[in-house]
Amino acid sequence: MPFAPLQNDSFLRACRRQATDHTPVWLMRQAGRYLPEYLATRARAGSFMGLATNVDLATEVTLQPLERFPLDAAILFSDILTVPDAMGLGLSFEAGEGPRFAHPVQDEAAVAALRVPDLDRLRYVFDAVASIRRALNGRVPLIGFSGSPWTLACYMVEGAGSRDYQLIKSMLYGRPELMHRVLAVNADAVAAYLNAQIDAGAQAVMIFDSWGGVLADGAFQAFSLAYTARVLAQLKRTGADGQDVPRIVFTKGGGLWLSEMGALDCEVLGLDWTVNLGAARALVGEGPQGKALQGNIDPNVLFAPPAAIEAEVARVLDSFGAPHQERASTGPTHIFNLGHGISQHTPPEHVAALVAAVHAHSRRLRS
Ligand SMILES: Cc1c2[nH]c(c1CCC(=O)O)Cc1[nH]c(c(CCC(=O)O)c1C)Cc1[nH]c(c(CCC(=O)O)c1C)Cc1[nH]c(c(C)c1CCC(=O)O)C2
């Protein structure tokens, strides 16, 4: 079924390093607990996974932030841990404790048993993508996403979030062949998962390497970057409506490896707040093979009053410098975002101030 034509293509244009009238903005975790309407819908669903697996409710919460703020992109409402759940690891979210797996991958037998899941078990995600595309009706593009092979492995081996990554690093250093097998299965699963989202209507895809930055130099390249590259090599280049599908890679804490990430076969690199956007642009943003850059304001800025938020937004936009403005060619572009996910304690009015400031100041930068 054909989808409605896109009314606001600023996000996709910036991904393709094409000029836009303003710097497009969206926020990691823009649908979530800081919005009272999200909490109300989650209460109706009963639980987070109840919400994520209900196509109508997942569609509803994806659109909630767009009803409040003039964001330039939507992101599928789901979670990165749906993939290991479909592998049979038994995902649950304990109230106030974060995710937990009933069957973590902690020995040789569990590693040997690991398989790319039957995509039918993730059908609810692809149905949500198609449903959200229909509900958006061309307002803004829809981003699909997955965790990186490494970040998924962190949860699969630790069995939950971790502070020191002791279990997975023990496997990495002590039984590297087991670690490589987990990452290879994850990479092929992530590629199949993202390709199915693209087929269902995702217009861009993002790989969240949230824990790449906990790795040592050398280990990052071998155990995170190499498997992100293995995913990228398998991704479809064309979406359900015949358009190219930009690929975004975000490594939290990856700033020191930026030039190596510049060699990835993707269009956009996401950056956390430790990176200077102008320096990143000089390193990986210029030239015909340059990447578009996405980021990178500290999410905690949103706890300051609106005047301070506006000043920090201007500082981040100015640090990137004047974006490419020639309609006929490509060049350095910036997509505004947070440097990591939004906090559940964020006042929604402060998000409104941030989005308005990005649009206003980025228009001034172009005049
Ligand atoms: C590491 C990671 C996870 N999930 C995700 C990542 C990568 C991004 C990042 O680094 O933040 C990705 C994610 N999770 C969620 C989205 C939805 C789309 C969006 O609006 O951005 C996305 C893109 C919903 C969610 N995923 C989760 C919630 C909160 C659950 C609830 O409603 O109680 C939401 C809205 C649960 C979740 N899911 C995860 C954790 C650690 C938790 C619990 C802790 C927390 O809430 O921050 C794993």
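Model, not experiment: these values are computed from the prediction. Position 1 is the first residue of the sequence; numbering continues from there. Order of appearance sets the numbers: ligands from 1, and atoms from 1 within every ligand.
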Report the residue from Val140, Leu66, Val358 that forms a side-chain contact (heavy atoms from CB on, under 4.5 Å) with Leu71. Leu66
Do ligand 1 and Trp26 have nitrogen or oxygen atoms that lie under 3.5 Å from each other? no
Aromatic ring proximity, centroids under 6.0 angstrom, Phe220 and Trp257: yes
Sub-4.0 Å heavy-atom contact, Gly341 with ligand 1: no
Nearest protein heavy atom to atom 2 (C) of ligand 1, by residue and atom, and its distance? Ile80 CD1, 3.4 Å
Between Arg33, Glu97, Met206, flag the one that comes closest to atom 44 (C) of ligand 1 by a heavy atom. Arg33
If hydrophobic clusters are built by linking Ile, Leu, Val, Met, Phe, Trp and Tyr wherever their side-chain heavy atoms come under 4.5 Å apart, do Leu183 and Tyr165 end up in the same one? yes
Is Lys252 touching ligand 1 with its side chain, its backbone, both, or neither, if touching means heavy atoms under 4.0 Å apart? neither
Can you tell me which residue and heavy atom of the protein come closest to atom 7 (C) of ligand 1, and the distance to 0.1 Å? Ser210 OG, 3.2 Å
Pick whichever of Glu94, His340, Arg100 has a heavy atom sitting closest to atom 11 (O) of ligand 1. His340
Look at atom 34 (C) of ligand 1 and find which of Phe48, Phe208, Phe145, Phe93 reaches it with the closest heavy atom. Phe48
Atom 33 (O) of ligand 1 has as its nearest protein heavy atom Arg42 NH1, 2.3 Å
Is the shortest N/O to N/O distance between Tyr155 and ligand 1 below 3.5 Å? no
Positive for side chain to side chain donor-acceptor pair (under 3.5 Å) with Arg16, one of Asp244, Thr333, Asp9: Asp244
Atoms in ligand 1 with a heavy atom of Ile75 nearer than 4.0 Å: 18 (C), 19 (C), 20 (O), 21 (O)
OG (Ser10) and CG (Asp72) are apart, to the nearest 0.5 Å, by 3.5 Å
shortest atom 13 (C) of ligand 1-to-protein heavy-atom contact is with Arg29 NE, 3.5 Å
Report the distance from atom CG of Asp79 to atom CZ of Arg29, rounding to the nearest 0.5 Å. 6.5 Å
Do Phe145 and Tyr193 have their ring centres less than 6.0 Å from each other? no
Which protein heavy atom lies closest to atom 26 (N) of ligand 1, and at what distance to 0.1 Å? Asp79 OD1, 2.7 Å
Within the structure, is a non-hydrogen atom of Leu76 found at a distance of less than 4.0 Å from ligand 1? yes
Proximity flag Gly161 to ligand 1, non-hydrogen atoms under 4.0 Å: no
Asp21 pairs by salt bridge (Lys or Arg N to Asp or Glu O under 4.0 Å) with which of Arg13, Arg366, Arg327? Arg327
Between His345 and Phe303, is the gap from one ring center to the other below 6.0 Å? no
Report yes if some N/O of Tyr38 lies less than 3.5 Å from some N/O of ligand 1; otherwise report no. yes
To the nearest 0.5 Å, what is the distance between CG on Asn337 and NE2 on His334? 8.5 Å
For Ser78, state whether at least one heavy atom is located under 4.0 Å from any atom of ligand 1. yes
Ring of Phe3, cation from Arg134 - is the NZ or CZ under 6.0 Å from the centre and inside 45° of the axis? no
In ligand 1, the atoms that come under 4.0 Å of a heavy atom of Pro99 are 40 (C), 41 (C), 42 (C), 43 (C)
